[in-house]
Novice: 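Could you have a look at this structure, given as structure tokens, before my questions?
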Amino acid sequence: HYSFFPGRPRWPSNKRTLTYAFLPENQLTDNVKAVFGKAFNRWSTVTQLNFTQSESYRTADIKIAFFRGDHGDGEPFDGVLGTLAHAFSPPSGFFHLDGDENWVVEGMNTPLTTMSAVDLESVAVHEIGHLLGLGHSSVEESIMFPTISAGTRKVELASDDIEGIQTLY
Ligand code: TQI
Ligand code: ZN
Ligand code: ZN
């Protein structure tokens, strides 16, 4: 079953459009940015929320950045595997990904042979759930289940994820 964060934080009901921006220094390719766009779309199709990319990292609601190791928020990344990414509950909007992972972007023909391959879209859909206010779920098929096997792709919302987000919004 789905869960929420303590106090059930969520984005305000008068804010139907959330903006997101990428840390300019990361210089992400359009391919990588498109993966985040697809991940946001999965949540917008089951809610009244809309997500639009902003060119202003400072003022965007959701701030997406790749960092390595200690990056100043008290939750350092740890190199390959272990922690892959973290996102904070609303209305913080911080979405950080571990730059040391072997991120795999679908359709980019990355060798999936490495045991440490991590599918970017799978992690993005999960972290966006956190950014919107979902905690972890006990349902194994759900996007919000707290574990995923390396090299696995899980991007489709399960009915449990949909019930959770529709209860919150
Ligand atoms: N990062 C954890 C996560 O996002 C961070 C975390 C631990 C957390 N406990 C939390 C976040 C409680 C919110 C509330 O769950 S992670 C997965 C999964 C991670 C794990 O790097 O371990 C995914 C990130 F589910 F696959 F294990 C993304 Cl998809
Ligand atoms: Zn961080
Ligand atoms: Zn999680």
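Indexing begins at 1, ligand by ligand and atom by atom, following the structure's order.
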Novice: To 10 degrees, how wide is the angle NE2 (H136) to the Zn ion (ligand 3) to NE2 (H126)?
Specialist: 110°
Novice: For V123, counting its heavy atoms only, list the atoms of ligand 1 lying under 4.0 Å from any of them.
Specialist: 28 (C)
Novice: Between atom OG of S122 and atom CD of E127, what is the distance when rounded to the nearest 0.5 Å?
Specialist: 11.5 Å
Novice: Would R42 and D161 pass as an ion pair if we require N to O under 4.0 Å?
Specialist: no
Novice: Using 30° and 60° as the class limits, which term best fits the ring planes of H136 and H126: parallel, tilted or perpendicular?
Specialist: tilted
Novice: What's the spacing between L131 CG and F94 CZ if we round to 0.5 Å?
Specialist: 11.0 Å
Novice: Tell me whether H86 has at least one N, O or S atom under 2.8 Å from the Zn ion (ligand 3).
Specialist: no
Novice: Any atoms of ligand 1 less than 4.0 Å from a non-hydrogen atom of T83? List them with their elements.
Specialist: 21 (O)
Novice: Below 4.0 angstrom from a heavy atom of F5, which ligand 1 atoms are there? Numbered from 1 as shown, please.
Specialist: 13 (C), 14 (C)
Novice: Going by heavy-atom distance to atom 24 (C) of ligand 1, choose the closest among E127, M144, H126.
Specialist: E127
Novice: Hey, what's the ring geometry for F77 with H71, parallel, tilted or perpendicular (30° and 60° as the breaks)?
Specialist: parallel
Novice: What's the shortest heavy-atom distance between I143 and E156, and which atoms?
Specialist: CG1-O, 3.5 Å
Novice: Looking only at non-hydrogen atoms, which of E75, H86, H136 approaches atom 8 (C) of ligand 1 most closely?
Specialist: H136
Novice: Given L18, which partner from the list T52, N50, L132 fulfils the side chain to side chain contact (heavy atoms under 4.5 Å, CB included) test?
Specialist: L132
Novice: Could you list the atoms of ligand 1 found under 4.0 angstrom from a heavy atom of L84?
Specialist: 16 (S), 21 (O)
Novice: Counting backbone and side-chain atoms alike, is an N, O or S atom of E75 positioned under 2.8 Å from the Zn ion (ligand 2)?
Specialist: no
Novice: Please name the atom of H96, limited to N, O or S, that comes nearest to the Zn ion (ligand 2).
Specialist: ND1
Novice: Checking side-chain polar atoms at under 3.5 Å, does H96 have a donor or acceptor matched by the opposite partner on D73?
Specialist: yes
Novice: Tell me, which N, O or S atom in D73 is closest to the Zn ion (ligand 2)?
Specialist: OD2
Novice: If you have a sec, work out which protein heavy atom is nearest atom 26 (F) of ligand 1 and how many Å separate them, to one decimal?
Specialist: I148 CG2, 2.5 Å
Novice: Could you tell me, atom by atom, which parts of ligand 1 come under 4.0 Å of a heavy atom of F145?
Specialist: 25 (F)
Novice: Just to be sure I read this right, does ligand 1 sit under 4.0 Å from the backbone of K154, its side chain, both, or neither, counting only heavy atoms?
Specialist: neither
Novice: Can you tell me how far CG of N102 sits from CG of L81, rounded to the nearest 0.5 angstrom?
Specialist: 7.5 Å
Novice: Can you name the atoms of ligand 1, numbered from 1 with element, that are less than 4.0 Å from a heavy atom of P146?
Specialist: 18 (C), 25 (F), 27 (F)
Novice: To the nearest 0.5 angstrom, please state how far the OH atom of Y57 sits from the CG atom of N26.
Specialist: 8.0 Å
Novice: Between F36 and Y20, is the ring centroid distance below 6.0 Å?
Specialist: no
Novice: Decide whether S137 and S142 meet the rule of one side-chain donor and one side-chain acceptor closer than 3.5 Å.
Specialist: yes
Novice: Return the closest protein heavy atom for atom 11 (C) of ligand 1 as residue, atom name and distance.
Specialist: H130 NE2, 3.5 Å
Novice: Please confirm whether A85 comes under 4.0 Å of ligand 1, counting heavy atoms of the residue only.
Specialist: yes
Novice: Do any nitrogen or oxygen atoms of T147 come within less than 3.5 Å of a nitrogen or oxygen of ligand 1?
Specialist: no
Novice: For the Zn ion (ligand 2), find the closest N/O/S atom belonging to H71 and write down its atom name.
Specialist: NE2
